[in-house]
Asks: 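Supplied in structure tokens, the structure appears directly below.
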Amino acid sequence: MWYYEKKLQYPVRVSKCDVQMAKFLTEQYGGADGELAAALRYLNQRYTVPDKIIGVLNDIGTEELAHLEMIATMVYKLTKDATPDDLKKAGLGAHYANHDKALYFENAGGVPFTATYFTAKGDPIADLYEDIAAEEKARSTYQWLINMTDDTDLIDSLTFLREREIIHSQRFLECVEILKEERDRKKIF
Amino acid sequence: MKESTAKYYELLHEIQQVDFALVELNLYLNTHPMDQQAIMQFNELVQRSQMLKKNFESMYGTMRNFGESFSPTPWSWSNTPWPWQV
Ligand SMILES: [Fe+2]
């Protein structure tokens, strides 16, 4: 089970209302390489991977939920004071018609989230390589997002998230090494 | 910013810093379980984190749910602000 703590993993501040940026940020909320997909991918894989790497998947999957909450906070804060007209002008008219200002798991283009964004192969090496690729793709998305804003507060939080993808990728690479070492040891004896 | 608000952010940031170091060490130790120095650092920070949270909760109400924190009277867990509101 999980416990909740009333804090974000890293502070999220925004210096202005920016609906268009909120729209772009939903890519990391309900997009293919977003935080929801990451959390669900790892927390789902953890049941059937070798014991040695369950902890890594469990804990990174949990951290992704904290990142999801940070992205949601960004979107919430960036749209909190927006009028229906602001939303319409930023391309969120269709979103407003369906959801008002509620968050919705969709990508930046408005495509709803789907479980087909990730897989579980049951082969730990295959799964880990997918995880590494997912982290690198998320890292790229954060860079593209940073490139589209001049809000220094927002850039600070996005930079934190980009850096986390690098660490996660590193930990998954170490898992690959651990499994390969174990496999080679079994071959020798 | 009011002085009380500034204090709230200051204490919260301190917790966020310590807890971030704990997440980092935790992930690192999952793949480096024999690093004794990292384990020592981890345990020191666990103690520091618990102390900071106890102090924060005495001023701003319960921070952790489901029995991870004691409750004052009246019940303060479900009070605002929630993390996305600060
Ligand atoms: Fe990640």
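Labels below follow one simple rule: chain letters A, B, ... track the order of the sequence lines, proteins then strands, and each chain is numbered from 1.
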Asks: Within this structure, what is the CD1-NZ distance for the pair B/I15 and A/K7, rounded to the nearest 0.5 Å?
Replies: 7.5 Å
Asks: How about CH2 on B/W75, more than 12 heavy atoms from neighbouring residues, nucleotides or ligands closer than 6.0 Å, or not?
Replies: no
Asks: Does any heavy atom of chain B fall under 4.5 Å from the side chain of A/I60, the backbone, both, or neither of them?
Replies: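 When you check distances to chain B, atoms from both the backbone and side chain of A/I60 fall under 4.5 Å.
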Asks: Please flag which part of A/M1 lies under 4.5 Å from any non-hydrogen atom of chain B: side chain, backbone, both or neither.
Replies: side chain
Asks: Can you tell which part of A/I167 gets under 4.5 Å to a heavy atom of chain B, answering side chain, backbone, both or neither?
Replies: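 For A/I167, the side chain is the part near chain B, not the backbone.
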Asks: Among the options B/T62, B/L12, B/V23, pick out the one with the most heavy-atom pairs lying under 4.5 Å from chain A.
Replies: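 Most heavy-atom pairs within the cutoff with chain A belong to B/V23.
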Asks: Can the ring centres of B/F66 and A/Y4 be said to be less than 6.0 Å apart?
Replies: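 No.
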Asks: In terms of hydrophobic clustering (I, L, V, M, F, W, Y; side-chain heavy atoms under 4.5 Å; direct or indirect links), are A/F24 and A/Y117 co-clustered?
Replies: yes
Asks: Are more than 12 heavy atoms from other residues, nucleotides or ligands located less than 6.0 Å from atom CZ of B/R48?
Replies: no
Asks: Taking atom NZ of A/K88 as the centre, report whether more than 12 heavy atoms of other residues, nucleotides or ligands fall under 6.0 Å from it.
Replies: no
Asks: Is there a path of hydrophobic side-chain contacts, each under 4.5 Å between heavy atoms, that joins A/L78 and A/I146?
Replies: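 The answer is yes; both residues are in one hydrophobic cluster.
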Asks: Is the NZ atom of A/K16 crowded by more than 12 outside heavy atoms at less than 6.0 Å?
Replies: yes
Asks: Take B/E24 and A/R164 through the salt bridge (charged side-chain N to carboxylate O under 4.0 Å, His left out) test and state the conclusion after the steps.
Replies: CA-CA 9 Å; B/E24 258 303 69; A/R164 295 312 292 154; 3.1 Å; yes
Asks: Please look at A/F160 and chain B and tell me whether the side chain, the backbone, both or neither of the residue comes under 4.5 angstrom of a heavy atom of that chain.
Replies: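 Side chain only.
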Asks: Do A/V14 and B/Y9 belong together in a cluster built from hydrophobic side chains that touch within less than 4.5 Å?
Replies: no
Asks: With hydrophobic residues grouped by side-chain heavy-atom distances under 4.5 Å, do B/Y8 and A/L8 end up in a single group?
Replies: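 No, no single cluster joins them.
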Asks: More than 12 heavy atoms of other residues, nucleotides or ligands under 6.0 Å from CD of B/Q85: is that the case?
Replies: yes
Asks: For B/Y28, which atoms come within 4.5 Å of any heavy atom of chain A: side chain, backbone, both, or neither?
Replies: both
Asks: Using non-hydrogen atoms only, which part of B/P81 is less than 4.5 Å away from chain A: side chain, backbone, both, or neither?
Replies: backbone
Asks: Out of curiosity, B/N65 CG to A/E5 CD, how far, rounded to the nearest 0.5 Å?
Replies: 9.0 Å
Asks: Taking side-chain hydrogen bond (donor to acceptor under 3.5 Å, both in side chains) as the criterion, tell me which of A/E174, A/E177, A/Q170, A/K52 meets it with B/T31.
Replies: A/E174
Asks: Tell me which of these, A/D59, A/I178, A/T62, has more heavy-atom pairs under 4.5 Å with chain B than the rest.
Replies: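 Ranked by heavy-atom pairs under 4.5 Å with chain B, first place is A/D59.
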Asks: Are A/M21 and A/L161 connected into the same hydrophobic cluster when the rule is that any two of I, L, V, M, F, W, Y join if their side-chain heavy atoms are below 4.5 Å apart?
Replies: yes
Asks: When rounded to the nearest 0.5 angstrom, what is the spacing between CG in B/D19 and CD in A/Q9?
Replies: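 That separation rounds to 9.0 Å.
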Asks: Rounded to the nearest 0.5 Å, what separates atom OH in A/Y10 from atom CD in B/Q16?
Replies: 9.0 Å
Asks: Please examine the side chains of B/W82 and A/K6, heavy atoms only from C-beta on, and report whether any two atoms are closer than 4.5 Å.
Replies: yes
Asks: Check for a donor-acceptor pair, side chain of A/K77 on one end and backbone N or O of B/V86 on the other, with a separation under 3.5 Å.
Replies: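 Checking the backbone N and O of B/V86 against the side chain of A/K77, a donor-acceptor pair under 3.5 Å is found.
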Asks: Tell me, do A/R171 and B/H32 make a side-chain contact under 4.5 Å, heavy atoms counted?
Replies: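 Contact flag for A/R171/B/H32 side chains = yes.
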